Amino acid sequence: MKWDEFFVTGDPLIYGADVSIVLTMVGILFYLTKFKKWKWLWDEWLTTVDHKKLGIMYIVSAVLMMFRGGVDALLMRAQLAVPEANFLDSQHYNEIFTTHGTIMIIFMAMPFLIGLINVVVPLQIGARDVAYPYLNAVSFWTFFIGAMLFNISFVIGGSPSAGWTSYMPLASNELSPGPGQNYYLLGLQIAGIGTLLTGINFLVTILKMRAPGMTLFRMPMFTWSSLVTMVIIIFAFPILTVALVLMTFDRLFGSHFFTLQGEGMDMLWANLFWLWGHPEVYIVILPAFGMFSEIISTFSKKTLFGYKAMIWSMLLIAGYSFLVWVHHFFTMGSGAVVNSVFSITTMAIGIPTGVKIFNWLFTMYRGRIEFTTPMLWSLGFIVNFVVGGVTGVMLAMAAADYQYHNTYFLVSHFHYVLIAGTVFACFAGLIFWYPKMFGYKLNERIGKWVFWIFTIGFNVCFMPQYFLGLDGMPRRVYTYSEESGWGPLNMVSTIGGFMMGIAFVILVYNIYYSFRFAKRETTGDAWNGRTLEWSTPSPMPPFYNFAKIPEVTGLDHFWKQKQAGKVEKLKAEDIKKIHMPSNSGVPFIMASFFFVAGFGMVFDWMWMGIAGMIGVFGTLIYRSFEYDDGYYVSVEEVIETEKISK
Amino acid sequence: MANKTAVNEHHGFPWKHLIGFVLSIVLTLFALWVALGTDLSLTWILIIIFGFAFLQAALQLLMFMHVTENSTKSNLTSRVQIGNILFAAFVAIVIVIGSVWVMTAGHAKHDKHDEPKTENQENHGEHESH
């Protein structure tokens, strides 16, 4: 392989990216060295096992990935704005929609939600850390390395171009030669390890580490939604792992699981992909539902309406989510019986979701509603998500789906549920818990501008796509003819897309603005909250979270204490020594070896792949013989810390 | 984090895990050998490796997954354990039976290139363009 095959060459956009990557790297290295931050970086971040810091790193990575995926989206919209445009060629366009989809789902939506879960859930249940803090660090670093491996594809070796679904035989060696598709397989595989470990970690944390008195039916709704999400992760992700391994074998070792030759079954990939893919949709929407529940309840000053109905509908959704996957490929033609069954299950899954919508409405009914930014995002979610839900039920009818399939109608539908659901929740949750993480609120005035520009832009962008779809415009085309008449609506859609881009830029500016000018928050309870995380000091509770573990007496415990005027003051005699986990650099090193192994396998350099895997197993063995069960924080240190931060 | 006091608890050697690990590798290698290194007919190979697969699953459950752990400490743990096992069984059945059903009904049956095309009852109403 020559160097000009190794690096992607010939496209000015890519050269621009090369230059900006090198400049950013040099800038970071210069900053770290000049201000002697290397040790700080290693001690405070790279080796940390603190769930709050890992959560913040998840969120920072997710915002970066949102930028990358968003730029991809704008490039696509720029190409499609007018008919027969020559901004991107077809290969480049295919690469961009592939990376846009993959990054937004796997490396933006999931880490954003998992990041917020990391920061909030242990605080909500009154725990000092997660059940397996070390594993939590492994989760983060494997996710991060998987994301980086996937992202370097566009400057080294070439990006995957078979769509985020990577259907066979399109993704096979014959039709997608080169390392691009391997990046998809290995990047997702490595990041998937992290997600599966997170699933196990938080399931155990929520079941085993709740504060005394917090029974399952006293848990905050966000914790409940996280618990259900973790159950889905544990059962859905192994399917993806296996499917990815099989396709990796097809591409690297010449097996015939999904190939056209040798009795392979190409559509079995689609089947396995969506067996994971549909539960995945609920993995990214249930935590969003949980956040909206917390926010709507907080700013309506009321206990959540239909708490138990919410939980049962989530459990139903968890079960149903495994029973609807065929609706992604009705047109494969499995026959009337199969399609009818999956039509019915798909429509049925709308019922528990509808129950939740009504519960949010009834929570607001006769509440004293405060229109803060997180609340605005939640209200925007209800309206826009319902549009996505209704078109979803339209798509669920198998006979009608033959018309909608592979058109912009579908594209618009899933953006209406994923953006109005997940992305709105990410913004709402970030703004809501921002004071908990950093000790000040994001500016509300700028935040409201962001909300309105983004929401209007979102509708301007995607509403026309429903009509483009009904008019027959297929998805995944890099251009279309003048005569099709799709030009004007596409132009409108592109304008909307750029409005969303502007809103994102203002959001980032708001982070900078608020960092400089926002009033610092001293109480720890910035929004007059209801759940336990607001009883801890801000910014960022001390690393052990709770000096004294609270005793929970009911739902919305902290709120009720405040209403009764008996929020407990911490007394020195209550403090006992605290057992905490030690930091470790091993997860970071292990993930780095995963990068070496993954990179080697992407280019089919087996020596490098094997060397990397030896490194991975080396770190596993090292860990097995490491007898570090953590340390105790002394009573004196706790007292000292509490005085400073209280 | 100034005053660190180390905590140390040491447990016995994990024989159970070691035996389980070795056995699961042996079973995998044996299945590989049956598939690649013997002259048995396809049917027999399938029967044998399916047998190994079930053995493997049982082994994993027994040696690593605490399936026999019956918690007398709390009612919740055992309820969670039972719910977990039931849901696992549900998902496994959906994946296996669901996939076979979806991949063999209607048009999909043509993906099996080696078998003669047989009409099955449920899809005679389908259009047959391919």
Side-chain angles (χ1 to χ4, degrees), chain A residues 43 203 207-208 215-216 231-232 234-236 238-239 242 260-268 270-272 274-276 279 315 318-319 322-323 325-326 329 331-339 341-342 543-544 577 579-583 624 627-634 636-637 640-641, chain B residues 1-11 13-14 17-18 21 42 65 71 73-77 79-81 83-84 86-96 98-115 119-130:
Chain A
D43 288 345
L203 181 83
L207 287 178
K208 287 290 195 184
T215 57
L216 282 181
V231 172
I232 305 180
I234 290 172
F235 288 105
I239 309 173
V242 170
L260 291 178
Q261 309 82 20
E263 295 175 41
M265 292 172 85
D266 49 342
M267 280 309 283
L268 183 60
N271 181 69
L272 291 175
W274 287 114
L275 261 168
W276 159 78
L315 292 173
F322 284 92
L323 293 174
W325 78 95
V326 176
F329 47 97
T331 53
M332 179 175 90
S334 278
V337 178
V338 173
N339 280 4
V341 166
F342 283 93
F543 59 95
Y544 49 76
K577 61 180 182 173
H579 182 202
M580 291 302 291
S582 316
N583 282 0
S624 303
Y627 293 102
D628 182 349
D629 293 313
Y631 63 94
Y632 281 107
V633 187
S634 68
E636 296 76 41
E637 195 189 339
E640 198 186 320
T641 320
Chain B
M1 283 186 251
N3 310 313
K4 289 192 180 183
T5 323
V7 189
N8 236 327
E9 290 167 55
H10 206 120
H11 303 287
F13 190 80
H17 299 87
L18 192 71
F21 183 62
L42 186 67
M65 312 284 238
S71 170
K73 279 175 295 186
S74 93
N75 200 3
L76 175 69
T77 321
R79 282 217 313 269
V80 166
Q81 182 85 321
N84 205 3
L86 287 179
F87 193 59
F90 163 75
V91 172
I93 289 168
V94 165
I95 293 172
V96 176
S99 294
V100 170
W101 184 43
V102 169
M103 296 308 296
T104 53
H107 282 181
K109 71 176 184 292
H110 297 304
D111 272 356
K112 292 178 165 178
H113 306 288
D114 55 336
E115 284 174 19
E119 291 298 319
N120 49 19
Q121 293 295 310
E122 64 193 69
N123 70 316
H124 52 75
E126 278 293 297
H127 53 104
E128 287 290 327
S129 59
H130 202 259

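Here the structure is a predicted model, which is why all the values come from computation and not from measurement. Every chain is numbered from 1, with letters handed out A, B, ... down the list of sequences.
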*For the residue pair A:Ser334 and B:Val102, what are the closest heavy atoms and their distance?*
OG-O, 3.0 Å
_Could you check whether any side-chain heavy atom of B:Asn84 comes within less than 4.5 Å of a side-chain heavy atom of A:Phe235, counting everything from C-beta outward?_
yes
*Residue pair B:Phe90 / A:Leu323, side-chain heavy-atom distance below 4.5 Å*: yes
_What part of B:Ala92 gets within 4.5 angstrom of chain A, counting heavy atoms only: side chain, backbone, both, or neither?_
neither
_Side chain, backbone, both or neither of B:Val94 within contact of chain A (heavy atoms, under 4.5 Å)_ = both
*Roughly how far, to the nearest 0.5 Å, is the CG atom of A:Asn271 from the CH2 atom of B:Trp101?*
12.0 Å
*Atom group of A:Ile234 that falls short of 4.5 Å from chain B, counting heavy atoms*: neither
